[in-house]
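Report on one structure; see the data block that follows.
Being a predicted model, the structure only gives us computed values, none of them experimental. Quick note on labels: first sequence line is chain A, next is B, and so on, each numbered from 1.
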Amino acid sequence: AQSVTQPDIHITVSEGASLELRCNYSYGATPYLFWYVQSPGQGLQLLLKYFSGDTLVQGIKGFEAEFKRSQSSFNLRKPSVHWSDAAEYFCAVVPLNNNDMRFGAGTRLTVKP
Amino acid sequence: GAVVSQHPSRVICKSGTSVKIECRSLDFQATTMFWYRQFPKKSLMLMATSNEGSKATYEQGVEKDKFLINHASLTLSTLTVTSAHPEDSSFYICSARGLAGVPDTQYFGPGTRLTVL
């Protein structure tokens with residue numbers, strides 16, 4: 001079945017530490033890939049997206065993501081986390097044959113002082 | 001980037017009443033609008049997709065008679081929760097897309113928190 005999976009429900013990191021949030025997808029053809037961030041009670045903000053080309057994508061707020069076709073993954077990374085990064089992070093896909101955006105379950109990031 | 005607004009941002013209503021939520025694309029024409037529902041600490045679940053001037057396409061399990069969607073213009077879509085019940089309490093988020101077939105032009109509204117007493 002087609003799906004987008006975020007294996008980690010909740011991650012806690014110390015401020016200044018590096019971060020990696022995992023995202024895996026299961027589609028026949030590589031879909032368009034996105035990462036969004038949602039602060040409590042707020043809407044979604046696009047961090048970055050991948051359609052094709054360079055597999056390392058730079059986004060806003062110092063985030064980057066790497067597309068790995070062999071692993072069907074699109075993991076989000078940040079070298080040094082700030083307290084303001086605490087939020088919910090969603091991986092999303094738009095399949096090539098269907099323009100509806102589908103979301104992973106989300107990963108809640110807590111940042112320790 | 002493009003702006004999508006929702007109104008109201010919060011609404012509290014009594015069980016059995018109907019509630020209308022508006023979604024507007026402020027600086028672009030939205031050929032397609034999407035409505036999502038998000039339960040606390042959960043992901044966004046697509047409820048329906050609507051194209052301007054057409055009937056909405058609902059996801060499996062979403063009651064179309066309960067969640068009425070109207071997309072009468074290229075800048076406005078409305079979601080009406082009819083005969084609301086406490087289980088309809090949720091965070092509703094709309095999204096609008098401009099150019100057909102270009103996925104990165106999908107923009108999200110700030111959401112509407114519905115509480116049904």
| task | Working to the nearest 0.5 Å, report the span between CZ of A/Arg102 and CG of B/Leu46. | result |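 Here the interatomic distance stands at 5.0 Å.
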
| field | B/Arg97 CZ to A/Asp100 CG distance, which is reported to the nearest 0.5 Å | value |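 Taking CZ in B/Arg97 and CG in A/Asp100, the distance rounds to 7.0 Å.
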
| When the ring centroid of A/Phe103 is compared with that of B/Phe108, is the distance short of 6.0 Å? |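 Yes, ring centres under 6.0 Å apart.
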
Check whether [X] and [Y] end up in the same hydrophobic cluster, where Ile, Leu, Val, Met, Phe, Trp and Tyr are linked by side-chain heavy atoms less than 4.5 Å apart.
X	Y	answer
B/Ile93	B/Met33	no
A/Val93	A/Tyr36	no
A/Phe90	A/Phe51	yes

| query | Minimum heavy-atom separation for B/Tyr36 to A/Met101, with atom names? | reply |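 So the two residues come closest at OH-O, 3.0 Å.
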
| request: Compare every heavy atom of B/Phe91 with every heavy atom of A/Gln38, then report the nearest pair and how far apart it is. | output: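 Closest pair (atom of A/Gln38, atom of B/Phe91, distance): NE2-CE2, 3.8 Å.
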
| Flag, side chain of B/Ser43 to backbone of A/Gly104, donor-acceptor distance under 3.5 Å |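 Yes, B/Ser43 side chain to A/Gly104 backbone: donor-acceptor pair under 3.5 Å.
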
| said: Taking CD1 in A/Ile9 as the centre, count heavy atoms belonging to other residues, nucleotides or ligands within less than 6.0 Å. Is the count above 12? | reply: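 Atom CD1 in A/Ile9 is not crowded, with 12 or fewer foreign heavy atoms closer than 6.0 Å.
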
| message | Does B/His7 have more than 12 heavy atoms from other residues, nucleotides or ligands lying within 6.0 Å of its NE2? | response |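 No, not enclosed.
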
| task | Under 4.5 Å heavy-atom distance to chain A, tell me which part of B/Gln38 shows up: side chain, backbone, both or neither. | result |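 For B/Gln38, the contact with chain A is made by the side chain alone.
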
| request: Check each atom of A/Gln45 against the heavy atoms of chain B and say whether the ones under 4.5 Å are side chain, backbone, both or neither. | output: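 A/Gln45 has no heavy atom closer than 4.5 Å to chain B.
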
Please tabulate, one pair per line, all N/O donor-acceptor pairs under 3.5 Å involving side-chain atoms of residues 65-72 of chain B, not counting sequence neighbours.
from    : atom 1 : to      : atom 2 : distance (Å)
B/Lys66 : NZ     : B/Thr82 : O      : 2.9
B/Lys66 : NZ     : B/Ser83 : O      : 2.9
B/Lys66 : NZ     : B/Asp88 : OD2    : 2.9
B/Asn70 : OD1    : B/Ala72 : N      : 3.1
B/His71 : ND1    : B/Ser50 : O      : 3.1
B/His71 : ND1    : B/Ser50 : OG     : 3.0
B/His71 : ND1    : B/Glu52 : N      : 3.4
B/His71 : NE2    : B/Ala30 : O      : 3.3
B/His71 : NE2    : B/Ser73 : O      : 3.2

